[in-house]
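See below for the structure under consideration.
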Amino acid sequence: MNIPEFDEIIEPNDQTEARAHHLEALRELVGNVYPNKFERSKFTGEEDTITNLLHFSAVKQVVDEIKRHISTLNEGERPHPEEKEALNAELRTFGNVRVSGRLTTTPRTMGKAAFVHLSDGKNRIQIYVRKDDVKGISNGGQREGEATPNSPLPTPDFVDGWDLFKLLDGGDFIGVEGYLFLTNTGELSIHVETLQFLSKSLLPMPDKMHGIADPELQRRYRYADLIASSLQVEHEGLTTREVFERRAKLISGMRRYLDDAGYIEVETPMLSPKATGAAARPFETYHNALDIPLYARIAPELYLKRLTVGGFEKVYELNRNFRNEGLSQKHNPEFTMLEFYCAYMDVNGMMDFAEAMIKEAVMKANNGSLVVKYGENEIDFGKFERISMKEAIAKVISKDVEKYNSSDPDVWLEDEGFQRRILAHRELKTRAFNSLHVSGWSDEELEKNRIAAENKIESEKFELWEKTKLFEHSMPTAEEAGFRVPDSIWQISVDRIMRRAENLQEVKENGLVYLFEEFVESDLIQPTFIIDYPKSISPLSKASPTNPNIAERFELFINGMECANGFSELNDPREQYERFVDQMSAREGGDDEAMVLDEDYIRALAYGMPPAAGIGIGIDRLVMLLTNKHSIRDVILFPHMKPIVKVEQTEE
RNA sequence: GGUCCGAUAGCUCAGUCGGUAGAGCAAAUGGCUUUUAACCAUUGGGUCGAAGGUUCGAGUCCUUCUCGGAUCACCA
């Protein structure tokens, strides 16, 4: 095995070498450069982190007072000395504090004194160090094993504090003891009396103005990106740290809501012998001792429903699912899902409950507001619309309502001409660049205006749909259809439409979903429950009591993204068995994402499962909405990246 | 998988028509005892993502590859 040298991991350059030299000099000066602890004072009642200190009411009062004073001054004018000194006298009565943190910049030295900010990761406080009145703490020369319980370490000696200070680099950790005061500009600071070295940053800090700019490096070295959050002086939107704090708030808000509503949190297998409960390709692994293949779960659904059989009437799990599929801005191979089930509830009750829960969690994560700005859109979590899939379709392609004298797309789909239109639309849209020739764009222009062209295709999908009327009864020529493309190319499209038309049954079955995805989904910006899904694509869902072809199922769309999926759970073991059998035959037919039969689940249902409703909520996507992030990788701390390939050096 | 864009000093970025590799920050040295992205002076720092090609000459043009981003396709 090729074990890399330390120097290959931390490559030596003028930056790292300077820091390494400082570290050696510090070792000479203070002994142990990686001491085991630093005890912070408890002036605030809690441990005095920088954040606690800044939020402590007595300190805050003084800071507010000086701010108020400064606000009465002209731009750039300094606080009046008597105001400042009065407040400083007050601060002196608090006595000394001991705080610790990371140096956010290289120290600003001015001859025999210096300023630098310390960060606890969240907040910063300025410290002031003077050559004449700073003492350094020796960490002692002890190494492992030298200190024993019977002979505690002696009180550390003092070293020259200024010598110690001069060996610090931006990013180092130190602990300081000193008193609070206000500077000439009114900034709260600590006048340091003793200084202890705690840990070295061998690598330079990210740029203090720009942080880490490259999204690749942000994600690959998330720790450095998080450090940048605490250094950066200016930034647009939320810092990376704030994104993940908001994520945590949303999650804890949901947990709290469910706990308060009597739900119990459980953990079901992440590795299971059957990857089922959703339609997706799994990750596969192998257990040596058991000598069986295992799959990373694609959904916890079937395990959680087994628990409703077992008597957990309200149960939830909030954890990762794994799907071995392509990556996109909305898809990550592992993603966090909240799934919960409630006995004796149906789909309508679940929508009510989920809506209330999401509202509450959003409020908690979004500073008490239900409105978030996402890109160009403003999303209002205050009201969730409910509309059936068919109604949503009929609303956007309303001309067909008149033609067929019915607002039920299922009626339209009975018509062979309509089926052919769908085929034509699907085919022509995938060959959409052809359609742009209609507007007279040349190949070069298309290439040059690529993004504009793609937007045009998207925005003209309705016009394209109108044109497909021609296909209802025959296959028009390119000229008849208004496409300015060579006949030979046109013929290819028509041939494909014809070939597919041989199986119009397939269109009849999937046409509804196609129309929905094509014409409705991306325009569902405000929170909308789409209800009444076709039963055929909902193998775990109960049918509607009034319509056997409709599943009692909903999906929640926000900003065109599917954010949740729920239904009245199918609890008839025999029907569930038959649905699984249908799925398995679809699998045989080549659909390797069709659901896998779970025999033990059928057995569990046979013990009797109460009527219940369930839901899965995509947490990452909700976090994206709340943080105005457009890539799921920006709301996941350590998204998967391809490893960096080191180029082999040929000579030694 | 297709298409387009990007990769230059430790970091953030310039680099024109193919003609000696640039700035700010950071680093090193010196000065400065209340600064605010502190300031002033001096110095060092580069396999221009990798490999090949065209050329008298390539950061720049061409080909292939690597990584990333965007987008389409696939996919809940």
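Naming: A, B, ... by sequence-line order, numbering from 1 per chain. Keep in mind that the numbers below use all heavy atoms, side chains included, and drop hydrogens, waters and symmetry copies.
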If a pair satisfies salt bridge (charged side-chain N to carboxylate O under 4.0 Å, His left out) and one of its residues is in residues 554-563 of chain A, list it, with sequence neighbours excluded.
A:Arg553-A:Glu555

Rounded to whole angstroms, how far apart are CG on A:Leu217 and P on B:rC67?
15 Å

With both distances kept under 3.5 Å, what pairs with B:rC61, Watson-Crick or G-U wobble?
B:rG53

With rounding to the closest Å, how many angstrom separate the C1' atoms on B:rG68 and B:rC32?
45 Å

Spacing of A:Arg108 atom CZ relative to B:rC25 atom C1', expressed in whole Å:
14 Å

Answer with yes or no whether A:Gln126 presents, from its side chain, a donor or acceptor under 3.5 Å of a partner atom in the base of B:rU35.
yes

Residues which pass ring-ring contact (aromatic ring centres under 6.0 Å, His included) with A:Phe557, listed by chain and number, not counting sequence neighbours
A:Phe516

Taking only residues two or more places apart in sequence, or in another chain, which ones meet A:His191 in a ring-ring contact (aromatic ring centres under 6.0 Å, His included)?
A:Tyr128, A:Tyr179, A:Phe181

Looking at every strand, decide which applies to A:Arg219 at a 4.0 Å heavy-atom threshold: base, sugar-phosphate, or nothing.
sugar-phosphate

Residues, nucleotides or ligands: over 12 heavy atoms within 6.0 Å of A:Glu28 CD
no

Rounded C1' spacing from B:rG69 to B:rU16 in Å:
27 Å

List for me each residue that meets ring-ring contact (aromatic ring centres under 6.0 Å, His included) alongside A:Phe283, sequence neighbours excluded, and say none if there are none.
none

Partners meeting side chain to side chain donor-acceptor pair (under 3.5 Å) with A:Glu193 (sequence neighbours left out)
A:Asn96

B:rA28 pairs with which nucleotide, Watson-Crick or G-U wobble, both distances below 3.5 Å?
B:rU42

Whole-Å distance, A:Asp214 CG to B:rC11 P, equals 10 Å

Check nucleotides 26-30 of chain B against the protein and report each pair of N or O atoms closer than 3.5 Å, with its distance, or say if there are none.
from   : atom 1 : to       : atom 2 : distance (Å)
B:rA26 : O2'    : A:Gln15  : OE1    : 3.0
B:rA26 : N3     : A:Gln15  : NE2    : 2.9
B:rA27 : OP1    : A:Thr106 : OG1    : 2.9
B:rA28 : OP1    : A:His22  : NE2    : 2.9

Can you check the distance between B:rC61 and B:rC67, where both ends of the measurement are the C1' atom (answer in whole Å)?
23 Å

OP1 or OP2 of B:rC67 less than 4.0 angstrom from a side-chain nitrogen or oxygen of A:Arg220, does that happen here?
no

